[in-house]
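Everything on this sheet refers to the single structure shown next.
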Amino acid sequence: MALWEIIVPVSLVLTIAPILDGMGRKVKAKVQMRQGPPILQTWYDLTSLLSMEPILPTDGLSFRLAPYVALASAVAAATVLPYGGLSPLRFSGDFFVFLYVVAMVSIAYIVAGFSLPNTYTNAGANREMMMVLSIEPVLGVAIGILAINSHSLCLSYMPLHLHASPSIFLAIGLLAYAVYVEGGFVPFDAAEAETEILEGTLCEYSGRLLGVFKWALMVKRFVLLWLLGSFIVLPLTKGFPGWAVFLLQLTAVLAIYFAVVTVEAHNARLRIDQAIRMNTKVFLASLVVLLIASLGW
Amino acid sequence: MSLTENLMIMVMGLYGASVLAVVPLRRSYGRALRIGHAITFLASLSLLAFTVEAWLRGPLSFSWFGVPFHVDGLSLILCLVLSILGMATSLYSPSYMEVYERLGRGWLYVVLYSTFMASMVLVVTVSNMLWFLFFWEAMTLSSYLLIVWEADEESVRRAGWRYFVTMHLASTLPLLLAAGIMYSEAGSLDFSVLASSHLGLSPLLYLLFLIGFGSKAGVFPLHFWLPDAHPAAPSNVSALLSGVMIKVAVYGLIRSTCFILKPSEPFGFAVALVGTVTLTIGTLYALRQTDAKRLLAYHSVGQMGYIWLGVGVGIFFIAKGGSWAAFGVMAMAAGLFHLVNHALFKGLLFLSAGSVLYRTGTRDLNRLGGLGRLMPVTALFTFVAAMSIAGVPPLNGFMSKWLIYQSTFLSRSGWFVLFGVFALFISAATLASFIKFYTAQFEGSRGEAVGDIREVPAGMLAGKGLLTSLCVLFGVLPGLVLPLLTDPGSAVTGVSVRIGSVWSANVIPTTGAGASHFNPLLFVLVLVVLTAAALAALPLKKSSRRGRIWTTGEPVPSADYGLRAMHYYGPFEHHIDWLYRTGSRVADGCGRTVAAASAAYIRLCRALSDACSSVGRAVSRAGAGYERHAGEEFLDEAIVSPIVDIIKGSASVLEDVLSNQRLMTVIALAFLTAVVVILLAGGV
Amino acid sequence: MGVTLRYPFVSIEAPPEYRGVPHIDPELCIGCGACVNACPPDALMRIDDLKNGTREIVLDIGRCIRCARCEEVCPTGAVKMTGRFEVASLDRRDHVEVVRLRLVRCEACGEYTDYTERQVVKALQILPEEEYDAEEIKAYSRICRRCRRKLSALGAIEASRRFAP
Amino acid sequence: MIEGADEKHVREVCERFGERIKRVERIAQNQWLLLVDKNDVREVVSYVINRKDWGETQLSTMVGTDERPIRGRFSIIYWLSLNGGEGDVFIGVKAYLREEDLSYPSVTPEHPGASWYEREVHDLLGIEPEDHPDLRRLVLPDDWPYGVYPLRKDFDYTDSPRREFTEEDKYPYRKPPEGTVVHPLGPYHVALDEPGHFRLFVRGEEIVDVDYRLFYQHRGIEKIAERRLTYDQVNFIAERICGICGSSHAVAYAQAIETAGGIEVPERAAYIRTVMLEIERLHSHILNLGLACHDAGFDTAFMHAFRIREPVMWLAERLTGNRKTYGMVLVGGARRDFLDYRKGLIEKTLKRLKEEFREWVDSTLSTGTFVKRCEGVGVLSYRDAKRWSSVGPWARASGRNIDVRRDHPYAAYRDLDFKVPVYREGDVLARCMVRAEEVFESIWIIEQALDQMPGGDILADYREIPARKEALGYVEAPRGEDVHYVMTGDENTLYRWRVRASTYNNFPSLPDALRGNTIADAPLIIASMDPCYSCTERLQVVDVNTGRVTVVKEEELVRGCCRWE
């Protein structure tokens, strides 16, 4: 494995994630009949944040390290994903590795949130944890069905070895739902609710640390969307050349993101207890899908 | 005699020596503890040597004084755990036990500790059902006495009593019955004879073992004693209870159902199901605890569920055989890996909770906070342990959970996938709970119970450091222990599984579907490099300005600002409140059943006692002093009182030996005698 | 289609009714101070410099609340609300308008009076000529109040002497 | 029968209390002043408030006045109003207090709605309500010296005393109840449009109890109006009490003066005022609905609400010359006439608004996530609403059938037809519904007013208004009843001006609505009350952070008044 095989996807993810966010802002602005900021606005914001000195509310190590761990975890998660024909760090059981590394972004967010005596950051951390808790079963069922269907838990192997069946479509639907919730999109953004809890954990961050954290969250979203996009594109593009697959993946991620943003724009934020209830309902429904899958359909 | 056998003799000798060494030190609390634990440390070290030596040499059998022993991979896994935790607690205890100095009896503590450890070593190595039960009972008894160490606390006495009754009714009794059934069929209680005598696969036997070992392991619905009993004990003992003792039950389960009986698919499924239910319920209950040790105890239940899930899936697929046999071996190895890992991080967590208790005098998470700055090393160790148990890469908990996921999700069975889903969900719940455990104690503002305190003594840190380093080591290099862990499965199936070499640390379980591998070392490297790169590219200057915590403009006292442990995850707990309500009803029911059963038992015993007491009183009135206590709920007293009454005859001698010792000791000795009497009678 | 504009890159016209920044036409202002009396927030001030014989009407749009009361009371239509609404400036002085007018010098004592030359002109314009002796008024208007009082007193004394020697 | 008790309700009060009512004075068509002994105040007030058969009785305002220069005494007046179709009656219960003994039995134990009023006179005049359960400072800041009462006539408005204060000497917030922690909300919080501090005592997400501290924005408006402004100038201060309901305050003030001075307002002016008030209600309600969406994380609806609202602002700009409905009202009438083209403009704007707003309401109420956030949240029971004398949509959503426009008609409302929406649920959704329906009612009112608008003058002239005349002016502002009390002084200046904005009566009931909800809902519930802090907090400008007391200058006044822009 050459070093560039890691460096290229990593830099790609780091660059595209903020642009994607900028595009989302533009789409949202159109829905709201506004001009909206330029597509590179998120990048401008990010660069200005990264150049600013933070003001630290504490000198606790966990608070200061959390943004970096979050960013590294989000990027590390990107390394196990397939990009066209390339998967930089491929293990045959890497789905759960991916899942846990993505979860580390949340863990960094939560630990940082709880590391301060501040009910705002605490509430953010608290909500993020509950959100993860309630969506995990849905995600688990989705993975389970995909694993039953493809006989594998390898991210770059599974999409290519799915057999078309009713349950697999439902499973990808469940995966999409889980990605939506994990990504913290409205109405599931209670953990970063600005009007309620001042963006939760981020409330105490400033300057460079805030920039790094925001970047990490954007990369996390991107990585999750890429996962979903891969499960949609790869099964349909067997035998395509690698670059074409990659471009299709990118297109799919953009399309999914625009759809997500449009849904976001048409919803209010759910309270955390409502979100938990909703996730539970989806989980119960997903059990039916699992039943269907285990019957071989 | 081989070196291995000599090492075993040395282990037992050292435990014996520790007892002999401390008996003369009855008046010197500290010295008894230091000397006693120095010797038990050596004993644990010898045990480690024995484990390594025995592993390298392969299975061996020997016999002492007519007691047959057999040591194979399964035994060695437990020996490994015992030796590591033995070392850790031996290092930790001398300082920690200062907390209990007011209770005195340091020598007795060491005696019980050694008895407990030795009995566990013997349980996992002996190869005769009768002796197994004998040591099993000795383990239960010594652990009971350690649990009720703080017997002047009403709650502790109750917890201990509950433990005692449950163990006898739900563990010893079923196992005795099972032994009886097997004896009646095979005519012998030797494991090898039993294994070769093709016992009929009677569901009853499986059920009895399931109940007998399940109640000891604390699986649902027989877990209700555990969250009371484990926190009641001193923390170092809790570490052993949660770290090792309940694992001995897993040993017993595998030994009895895979080696003595045949692995069976329905049984494997039942174990996996019980495991899933247990891990779900145990952990969800743990989620809302705010007492540090109670929280950990509930997690012991939950994590035991993971172990059972792995082992259950293993048994299922081993029984299924064919191309799935290797998959089964790997699944069982996953369960056993989690057993080892749980021993490490749960031991560590109990020791951490003990450290906080040692310094602050409380284990109420609501009253703690901000300890990270005062006890930085403990904070770091606790953080590693918390992340391990939550399964965060690259720590050991992640590796064993990853293996469990592989063995459930790749099973192509809807049920096992569902179990896996629950395991995944509960992994998040564990994370939630341990983030609370860690942050409520070590982060945030100083809690009301936190004064000017400092780090715990070096001895305690050393004990925890040992476990911490192993948590990391087994996470990054699981290849170190995986060959040992696959051994039991391989021994049963005869299928050997290829594990990557230790240094490349590939985990390659051969599954029915093909290989599944993961290289934690490489992945950790990537993670570390990325973090370092982020830190290097966007460094945080030391000179960064300090600000105050944002209170939205109006000052708020920091003690009032920030959630307490009881406030964590409120909406989620509210959401699953039905579970808690049902659970508490079930627990109440179980508690009532136990209470009713024991009350009946007590009445029976009292009737016997009354009959005997006339004889007894005639012999001596020396024991009259403790008749006052008869009204209390001391079941053991009721059980043994007939015998005690007889023994009262020699009470003057006992009074002399035990001078100012409490009633408990008298009972302990009496009960040991009773067990010997019963067993001898049974053996005849 | 966005309804937002790329302001400030496009210019925006205020509607004709808009009450923007007030402006005093120095050509029309007679310095009477009616606006000063009406102004609720004291954005208009009248400062007399009796040494140098000037009156300043100072309009501070930093204090102005755009109520247009000054426009309503102005007798000459000198104060007008403009349509201007962009008042951001780096210099505080950009917010202040000053109209400096000459005060009438008393022909009797040589001191400055507290009214302006233009006030006199205006007053003479609006007085109905048939009722007053224009020449007398003109002469009187160039004398300060004190001298006028003195003159009246002197006149009275003279008259009394004439009738009651 | 006591002379002057020529109205059914007033007569009943007099008959009930007999000799204890010392004097009855009818100071205006619908306003009676009963003079009682200070020890009878509590009984008389609670008698009127608790008359269940008198419809929605309530405490409309309470005034404390330093009448020492006139009568050598202090006075207090509790103004009670009868609403809900019971009759157009305001009853003032007045008592004099001697300077040596400023204590009197507090009404608060009988009617909690009096709490703030009594705390305010305690702060500003040094009057001592006995048995008041909570006499912590309400208005004055921490660094204001004890024993200095800014509203007394011997206190000059240019003075700015201060005291050093220590950590212990600060405002005594309540301690969090057992098992709770403090979740502070404001003064700097994104969801608060103006500074206010809420101390939510929370158990995790759940709000167990609430304490608050307000009055960060006192501007000394009443004091300054009593000293150096003429009646006409006060109008421009009055409309700047609030950034949103400028016309409401200006009209309420003008009506008070007109009542006191017996000035006839030309009919056309009354119609113009009505239209302005309703335009104000339009933009205020749409703004509040948009903000509620924003607080619930529904930004698209928020943006669209503001898009729909913008033409109303443009309309206001065309009508008054200002984006706000400012500068339109003078004592005696209105300043600008609606010329024909402006009439057409109004009609065109309203037509478009009606369509767009209907569409907006439909799409917002069909957004499940938004409705979920509003339903059953922040419930204020009818009992609590009544207990605190709540007003406006806040009270109407809790089942109080009150509306000043209908119950005490002013301007042109007597001639116009409109419905008063009342809901019983008392939750955020009900309040949104009340506001949405009121928007349609307002459009209907304006349409009628334009049709029926009579010709003629728009401004009546007036000369001298006799001194020592008392009167109330009242307006149904977008947030509820605004009441202005005036006592005229010499040379066309005010002797006493008491402004009571609607939020003043609603605010104390907020804790009742917040309790039991979650911190996620707190901003939404607060927004659904549509609080207007600067309306509520008029008096002294104090910079709490630097501890510097600033004498009010008009320029600060202007700056401080502008709420939204």
Side-chain angles (χ1 to χ4, degrees), chain A residues 50 53-57 59-60 62 64 68-69 71-73 75-76 79 89 91-94 96-97 100-101 104 107 110-111 114-120 122 126 129-130 132-134 136-137 140-141 143-144 147-148 151-153 203-204 208-209 212 272-273 276-277 280 290-291 293-294, chain B residues 369 372 391-393 398 402 405-406 409-410 412-415 417-418 420-422 424-425 427-429 431-432 435 438-439 443-445 513-519 522-523 526-527 530-531 533-535 538 540-541 544-551 558 561-563 568-569 571-572 574-575:
Chain A
L50 290 177
E53 270 303 305
I55 298 173
L56 298 171
D59 25 57
S62 35
R64 282 183 295 169
Y68 299 103
V69 172
L71 185 61
S73 307
V75 172
T79 60
L89 271 183
F91 305 108
S92 57
D94 52 16
F96 283 101
V97 178
Y100 270 76
V101 179
M104 277 173 73
I107 294 175
I110 296 163
V111 170
F114 278 129
S115 73
L116 297 168
N118 178 334
T119 42
Y120 283 93
N122 292 1
N126 211 353
M129 190 68 245
M130 288 187 273
V132 170
L133 260 182
S134 61
E136 210 75 342
V141 172
I143 298 169
I148 290 177
H151 299 176
S152 169
L153 279 173
C203 149
E204 286 287 2
R208 176 167 289 176
L209 286 180
V212 172
I272 185 68
D273 53 313
I276 293 172
R277 219 170 300 142
T280 310
L290 181 61
L291 180 70
S294 59
Chain B
V392 173
F398 172 71
W402 181 78
Y405 298 143
Q406 301 295 318
F409 279 86
L410 290 176
R412 299 189 204 167
S413 142
W415 277 108
V417 168
L418 184 63
V421 169
F422 274 98
L424 183 65
F425 162 52
S427 182
L431 173 70
I435 282 181
Y438 173 74
T439 56
E443 303 280 9
S445 60
S516 196
H517 81 278
F518 173 54
N519 187 339
L522 175 64
F523 199 76
V526 170
L527 209 56
L530 282 171
T531 312
L535 270 167
L538 301 160
L540 187 61
K541 292 202 188 89
S544 290
R545 276 184 293 156
R546 282 292 313 271
R548 270 178 306 180
I549 286 173
W550 179 236
T551 58
S558 73
Y561 192 38
L563 300 185
Y568 282 49
Y569 321 130
F572 191 81
H574 184 75
H575 184 63

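Order of the sequence lines sets the chain letters (A, B, ...), proteins ahead of strands, with each chain counted from 1.
Here the side chains of A:Tyr100 and B:Phe398 are in contact, with some heavy-atom distance below 4.5 Å. At a threshold of 4.5 Å between non-hydrogen side-chain atoms, the residues A:Ser134 and B:Phe572 count as touching. A heavy-atom distance below 4.5 Å is not found between the side chains of B:His575 and A:Asp273. A heavy-atom distance below 4.5 Å is found between the side chains of B:Ile549 and A:Pro117. Contact of the B:Ile435 side chain with the A:Met129 side chain is registered, since non-hydrogen atoms from C-beta on lie closer than 4.5 Å. Between B:Pro571 and A:Ile276, the closest side-chain pair of non-hydrogen atoms falls below 4.5 Å.
Within the 4.5 angstrom heavy-atom criterion, atoms from both the backbone and the side chain of A:Ile143 approach chain B. With a 4.5 angstrom heavy-atom cutoff, A:Leu116 touches chain B via backbone and side-chain atoms both. With a 4.5 Å cut-off on non-hydrogen atoms, B:Leu424 touches chain A through its backbone and its side chain both. Heavy atoms closer than 4.5 Å to chain B are found in the side chain of A:Val212, but not in its backbone.
By number of non-hydrogen pairs under 4.5 angstrom with chain B, the leading residue of A:Gly60, A:Ala293, A:Ala76, A:Ser73 is A:Ala76.
Ring pair B:Tyr569/A:Phe114 is perpendicular by interplanar angle, where above 60° counts as perpendicular and below 30° as parallel.
Looking at residues two or more places apart in sequence or on another chain, you find no side chain to side chain donor-acceptor pair (under 3.5 Å) involving A:Asn126. For B:Arg546, the side-chain contact (heavy atoms from CB on, under 4.5 Å) partners are A:Leu56, A:Asp59, not counting sequence neighbours.
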